[in-house]
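All chains are named by letter (A, B, ...) in the order of the sequence lines, taking the proteins before the strands, and each is independently numbered beginning at 1.
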Number of protein chains: 4
Amino acid sequence: MVIGDARTRILDAAEELFAGGGYDATPTAVIARLAMVPKGLIFHYFPRKIDVLVALVDERTLVEEGRDIDAVPGDPAGTLSRLARGLPLRASPAMRRILFREADTHGSVKERLGRLNGELIRRARFALELALPGARGDLARLEVAAATFAAVLLYQENLCQLTGHQIDPDAVAELIAHSLL
Amino acid sequence: MVIGDARTRILDAAEELFAGGGYDATPTAVIARLAMVPKGLIFHYFPRKIDVLVALVDERTLVEEGRDIDAVPGDPAGTLSRLARGLPLRASPAMRRILFREADTHGSVKERLGRLNGELIRRARFALELALPGARGDLARLEVAAATFAAVLLYQENLCQLTGHQIDPDAVAELIAHSLL
Amino acid sequence: MVIGDARTRILDAAEELFAGGGYDATPTAVIARLAMVPKGLIFHYFPRKIDVLVALVDERTLVEEGRDIDAVPGDPAGTLSRLARGLPLRASPAMRRILFREADTHGSVKERLGRLNGELIRRARFALELALPGARGDLARLEVAAATFAAVLLYQENLCQLTGHQIDPDAVAELIAHSLL
Amino acid sequence: MVIGDARTRILDAAEELFAGGGYDATPTAVIARLAMVPKGLIFHYFPRKIDVLVALVDERTLVEEGRDIDAVPGDPAGTLSRLARGLPLRASPAMRRILFREADTHGSVKERLGRLNGELIRRARFALELALPGARGDLARLEVAAATFAAVLLYQENLCQLTGHQIDPDAVAELIAHSLL
DNA sequence: CATGAATGAGCGTTCATTCAT
DNA sequence: GATGAATGAACGCTCATTCAT
């Protein structure tokens with residue numbers, strides 16, 4: 001039995017295929033076959049192929065902004081570690097690959113990636129502020145620490161898998177926290 | 001006036017175009033036009049289109065492995081900063097864009113990027129070892145610091161431009177050095 | 001506020017669109033949108049797209065056959081001029097464009113245009129007969145004059161607008177009348 | 001044996017097919033088949049389908065401007081008749097149908113048709129001037145006569161065939177000439 | 001009767017690759 | 001080696017038409 005309505009199945013299939021072979025390398029005919037819909041139906045819901053990608057990015061990469069940060073004053077390393085485990089990106093690993101891979105080709109994807117990056121930095125900084133009540137004296141260093149942690153998280157999501165090198169976010173959190181004490 | 005022989009002009013044109021619009025979006029006919037060579041000549045030098053990309057990566061992204069590191073004992077921050085200024089990737093900005101953009105689609109590009117990443121980590125670790133003679137007691141932390149710094153450098157090369165957020169490698173070097181003292 | 005019932009609105013929309021971009025270039029979906037009816041309803045009233053055009057031609061291009069001709073004996077030029085002002089084609093400018101544009105592609109349209117042409121010639125001849133009681137001696141020349149005048153009228157309807165050249169039907173009437181005296 | 005080079009065969013096939021079924025109703029695949037070339041070759045010579053039509057119009061509808069008019073002073077009817085037989089349009093009947101049919105859809109075709117129309121009127125007027133040396137007193141009437149004759153010629157080319165009514169250009173020439181005496 | 005999702009054949013166009021010259 | 005015409009598979013997209021509800 002087929003699961004979900006046609007539009008959802010199209011997006012499911014596209015998500016899987018875009019993450020696998022990439023947007024350009026995925027013909028609409030293959031999306032249709034995997035989604036078990038006729039090819040024309042894709043263009044009923046998404047007038048152009050790129051609109052499938054845009055819809056995926058719009059609907060499946062929500063960056064949550066209001067979520068609480070589980071900060072523990074005096075424990076910046078643990079606070080960052082917990083932040084890393086609750087990445088504010090509601091997206092499957094497939095969607096994350098899509099976000100990075102298509103970012104510099106497609107404007108709407110790039111915009112989403114920029115917002116994600118900014119939110120990550122913002123949250124890392126806020127987490128550190130909460131965990132280091134006395135560190136307010138050096139905001140510049142806090143900013144650098146936050147950006148560095150965000151870099152590691154995004155790097156981990158993508159380049160690590162790409163190149164085979166692993167980074168342990170917990171160890172990085174500990175390193176960064178140490179430098180702020 | 002036309003510069004260089006035909007093969008070189010083909011690679012020059014491809015480098016510019018691949019960096020601009022991406023590999024997939026660049027037809028061989030456009031490479032030929034920009035290189036001012038007949039279309040058939042490209043396939044004389046490079047039997048398949050992908051071979052143009054492979055040749056670019058092979059010939060224009062040398063990862064230098066043996067270069068001296070300008071380490072100053074007692075100044076890990078300065079040592080890392082200098083390392084950041086001499087990324088061990090001899091490549092134009094165009095080639096760097098290509099390396100990142102095509103990495104997860106084309107194996108040979110991915111392999112190069114992996115080697116670059118590994119070399120960066122190796123050199124960062126070695127630089128820190130030289131600059132922190134007494135820190136040998138905590139090799140694990142050194143490794144994390146090196147990987148973090150490499151992540152920031154590559155992140156900077158790639159995502160920063162993409163998302164508009166800037167990171168100052170010098171400040172990160174100072175942060176990381178501080179955590180190792 | 002929507003005017004008319006669904007079938008009328010469909011024909012109104014089709015008339016406007018066929019006259020504007022042509023029959024082939026007008027998708028049924030666009031007709032439906034302009035008519036503010038669901039797409040399927042068009043095919044309820046008109047089983048095939050061509051039936052919309054046929055209905056337009058059948059219902060909106062009445063060629064009046066029995067209308068009185070305002071003939072003044074002894075004034076053939078004035079009689080023809082008055083005929084020109086009352087072309088026996090009750091149709092909007094839009095329908096006239098459709099008649100000419102689609103005539104050689106669609107049989108039913110061609111048939112209408114043929115009837116219009118025949119009626120024009122018939123009426124011009126009859127008008128001249130009434131206005132020139134003594135000219136009965138040269139029926140062949142009368143026939144040529146009538147056909148020529150009809151040609152000018154249709155040419156004016158069609159090619160003049162297309163090519164930018166204007167012809168004054170009154171002057172042509174005067175010319176033709178003069179040749180019959 | 002195949003006649004002509006590939007580009008010529010493509011144009012030959014397109015001329016025949018556009019004249020027969022119309023531009024829109026002729027798929028490029030059918031042109032290719034009739035021309036006995038692979039479909040892709042059409043787009044090698046003509047980047048877009050419309051360029052095939054434009055090339056036909058540009059290359060096969062030469063309106064000759066400098067040709068001598070075989071005018072006989074005192075014989076305006078004969079002069080017009082001879083003009084009608086040597087229409088200043090070097091184009092096959094197929095090309096003429098194309099010119100009219102596609103004129104209001106495609107700008108470049110419309111421009112050609114306008115030029116043809118203007119040239120026809122100009123030549124008819126000039127022929128009448130030569131054949132009626134004494135008629136210079138009424139230039140306005142001459143202009144109307146020329147435009148009327150051009151209308152008949154073009155009408156004849158197109159509407160007559162369309163509607164089944166025939167007009168004899170010789171008889172019209174005689175009619176018009178008579179009105180100028 | 002009314003609806004719009006569903007259908008699929010067919011279109012114009014692209015482009016890596018081949019090959020005769 | 002150098003050339004560009006030739007090739008054809010594959011793509012994104014359109015659209016008249018159907019049909020279950």
Mind pulling the stems DNA chain F is in, i.e. runs of at least three Watson-Crick or G-U pairs, everything under 3.5 Å? E:2-21 with F:2-21
In whole angstrom, what separates Phe43(D)'s CZ from dC11(E)'s P? 12 Å
Write down the atom of Ala6(C), the atom of Leu41(C), and the distance for their closest heavy-atom approach. CB-CD2, 3.7 Å
Sequence neighbours excluded, which residues qualify as side-chain hydrogen bond (donor to acceptor under 3.5 Å, both in side chains) partners of Arg101(D)? Asp104(C)
Residue list, side-chain contact (heavy atoms from CB on, under 4.5 Å) with Phe100(B), at least two apart or on another chain: Leu159(A), Leu113(B), Leu154(B), Glu157(B), Asn158(B)
Holding to side-chain hydrogen bond (donor to acceptor under 3.5 Å, both in side chains), I want the full list of residues that pass it with Asp24(D), two or more places apart in sequence or in another chain. none
Listed partners of Glu15(C) passing side-chain hydrogen bond (donor to acceptor under 3.5 Å, both in side chains), at least two apart: Arg60(C), Ser92(C)
Results of side-chain contact (heavy atoms from CB on, under 4.5 Å) for Val54(B) - residues two or more places apart only: Ile50(B), Asp58(B), Ser108(B)
By side-chain contact (heavy atoms from CB on, under 4.5 Å), Ala55(A) pairs with (sequence neighbours left out) Arg7(A), Leu11(A), Phe46(A), Glu59(A)
List the residues meeting side-chain hydrogen bond (donor to acceptor under 3.5 Å, both in side chains) with Arg33(D), not counting sequence neighbours, and say none if there are none. none
Going by side-chain contact (heavy atoms from CB on, under 4.5 Å), name the residues that satisfy it together with Ala14(B), two or more places apart in sequence or in a different chain. Phe18(B), Ile31(B), Val52(B), Leu56(B)
Close residues, residues 16-34 of chain D, relative to DNA chain E [heavy-atom separation under 4.0 Å]: Thr26(D), Pro27(D), Thr28(D)
Sequence neighbours left out, what pairs pass side-chain hydrogen bond (donor to acceptor under 3.5 Å, both in side chains) with at least one residue falling in residues 47-57 of chain B? Arg48(B)-Asp51(B)
Letter by letter from the 5' end, nucleotides 2-8 of chain F scores (B base, S sugar-phosphate only, - none; protein heavy atoms under 4.0 Å) SBBBBBB
